[in-house]
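This report refers to the structure that appears directly beneath it.
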Amino acid sequence: MSVTVVEIWLVSMILMTGVVILIVTLQLHVALKKLVDQASPEPEVKQSWWDGFTGLKPLEKEKDLLMEHKYDDIAELDNPTPPWFMYLFYLTILFAVVYGLYYHVYQDGNIQETEYKTEVTIAEKAREEYMKKFANSVNEDNVTVVKEAKDLTEGSQLYSTNCVACHGDKGQGGVGPNLTDKFWIHGGDVKDLFKTITHGIPEKGMIAWNKTLNPLQIQKVASYILTLQGSNPPGAKEPQGTETKTP
């Protein structure tokens, strides 16, 4: 993976900023400690590591924290930010630098967008596998007309891709028969259409589409063909076959 000059500059700036903040904080800590030591000439009471970590002051040193103002004999203590909080703050800076380098500069980790795309890809593959199993459950005996708009739209797209050459873009007929009138050669209900499309009519040049389309797709294109009934497109081919009442 190549790293651009801008990325190197940004990383350098982040690191330099972190170092400067750390140095300034340490300098302020040393300066404040000196001021406190100068203001309290008394020998310092030894603190436990826990008191040092939490920033707790012994009660005997509380008077050193008193601020000058007082209201109704209520005094305020000048408590500095506890060391544990400052350590946590430094850790967040370090975490931000490591996070930025790992996920956004070197891009070794999966950010949310990458995780989303990965999950979508897995879900799409699972959906395709499910649809293949579901599609095979449709056959000539149980096929029904689908009426959902999205299914008919897919049926229309399948028709435009595979059927237009023989039956015309509006079903008006061409090499193949007219699909918009009431006359059918091999039956005009959805089961007849499903069977005709699935197995084809080899003796008349129509191929079997079950090697190209799955049963669910054949159901959708058959349902779409039925929607063309009575559309009376211009240039429609003369009727062929037997008049059949379609649902």
Side-chain angles (χ1 to χ4, degrees), residues 1-134 148-151 153-154:
M1 181 189 67
S2 61
V3 180
T4 65
V5 176
V6 175
E7 291 172 342
I8 295 175
W9 182 80
L10 287 174
V11 173
S12 301
M13 289 300 296
I14 292 172
L15 291 175
M16 290 179 63
T17 304
V19 171
V20 169
I21 292 174
L22 183 61
I23 292 174
V24 171
T25 305
L26 291 175
Q27 290 292 333
L28 288 174
H29 176 73
V30 172
L32 288 173
K33 192 172 185 304
K34 287 182 178 179
L35 290 175
V36 171
D37 292 342
Q38 291 174 359
S40 56
E42 298 177 1
E44 189 168 340
V45 178
K46 188 176 181 180
Q47 287 184 299
S48 65
W49 70 269
W50 177 251
D51 290 341
F53 179 74
T54 58
L56 298 175
K57 294 289 184 182
L59 289 176
E60 55 268 24
K61 301 228 20 169
E62 189 174 89
K63 62 181 183 301
D64 299 335
L65 301 176
L66 287 173
M67 300 185 73
E68 295 180 354
H69 56 270
K70 183 184 294 185
Y71 299 97
D72 295 335
D73 289 333
I74 298 174
E76 182 181 2
L77 299 180
D78 183 17
N79 284 312
T81 305
W84 68 266
F85 188 86
M86 296 305 298
Y87 296 149
L88 184 62
F89 175 66
Y90 299 145
L91 284 176
T92 60
I93 295 176
L94 179 62
F95 176 81
V97 172
V98 174
Y99 184 91
L101 290 173
Y102 185 71
Y103 284 97
H104 295 284
V105 177
Y106 298 109
Q107 299 182 354
D108 289 334
N110 287 334
I111 58 176
Q112 290 182 340
E113 182 179 359
T114 304
E115 288 184 347
Y116 171 77
K117 290 180 178 178
T118 302
E119 292 295 330
V120 168
T121 301
I122 295 173
E124 287 292 337
K125 187 175 181 180
R127 178 180 175 278
E128 290 177 3
E129 293 296 327
Y130 172 78
M131 291 304 294
K132 287 179 181 177
K133 293 180 181 177
F134 178 73
E148 293 288 337
K150 63 178 182 179
D151 293 332
T153 299
E154 185 178 348

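The structure displayed is predicted, hence computed values, not measured ones.
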### Summary
CG of L26 to CD1 of I21, rounded to nearest 0.5 Å, is 12.0 Å

### Message
Counting only heavy atoms from other residues, nucleotides and ligands, does the tally under 6.0 Å from OH of Y90 exceed 12?
### Response
yes

### Message
Within this structure, what is the CD-CG distance for the pair E76 and L66, rounded to the nearest 0.5 Å?
### Response
10.0 Å

### Message
What I'd like to find out is whether the side chain of H104 reaches to under 4.5 Å of the side chain of Y99, using heavy atoms alone.
### Response
yes

### Task
Using the test ring pair (Phe, Tyr, Trp, His ring centres under 6.0 Å), find all partners of F89 that sit at least two apart in sequence or belong to another chain.
none

### Task
Determine whether T25 and L28 make a side-chain contact, defined as any pair of heavy atoms from C-beta on separated by less than 4.5 Å.
no

### Query
How many angstroms lie between atom CG of D64 and atom CG of D78, to the nearest 0.5 angstrom?
11.0 Å

### Residues forming a ring pair (Phe, Tyr, Trp, His ring centres under 6.0 Å) with Y130, sequence neighbours excluded
none

### Message
Within the 4.5 Å heavy-atom criterion, are L77 and M67 side-chain neighbours or not?
### Response
no

### Task
Evaluate the criterion salt bridge (Lys or Arg N to Asp or Glu O under 4.0 Å) for residue pair K117 and E113; output intermediate values, then yes/no.
CA-CA 6 Å; K117 290 180 178 178; E113 182 179 359; 3.4 Å; yes

### Query
Could you state the interatomic distance from CG (L88) to CD1 (I93), rounded to the nearest 0.5 Å?
10.5 Å

### Query
Got a sec: does the NE2 of H29 have more than 12 other heavy atoms crowding it under 6.0 Å?
no

### Query
At what distance, to the nearest 0.5 angstrom, does OG1 of T114 lie from CD of E119?
12.0 Å

### Message
Under the rule for salt bridge (Lys or Arg N to Asp or Glu O under 4.0 Å), what residues qualify as partners of E129, not counting sequence neighbours?
### Response
none

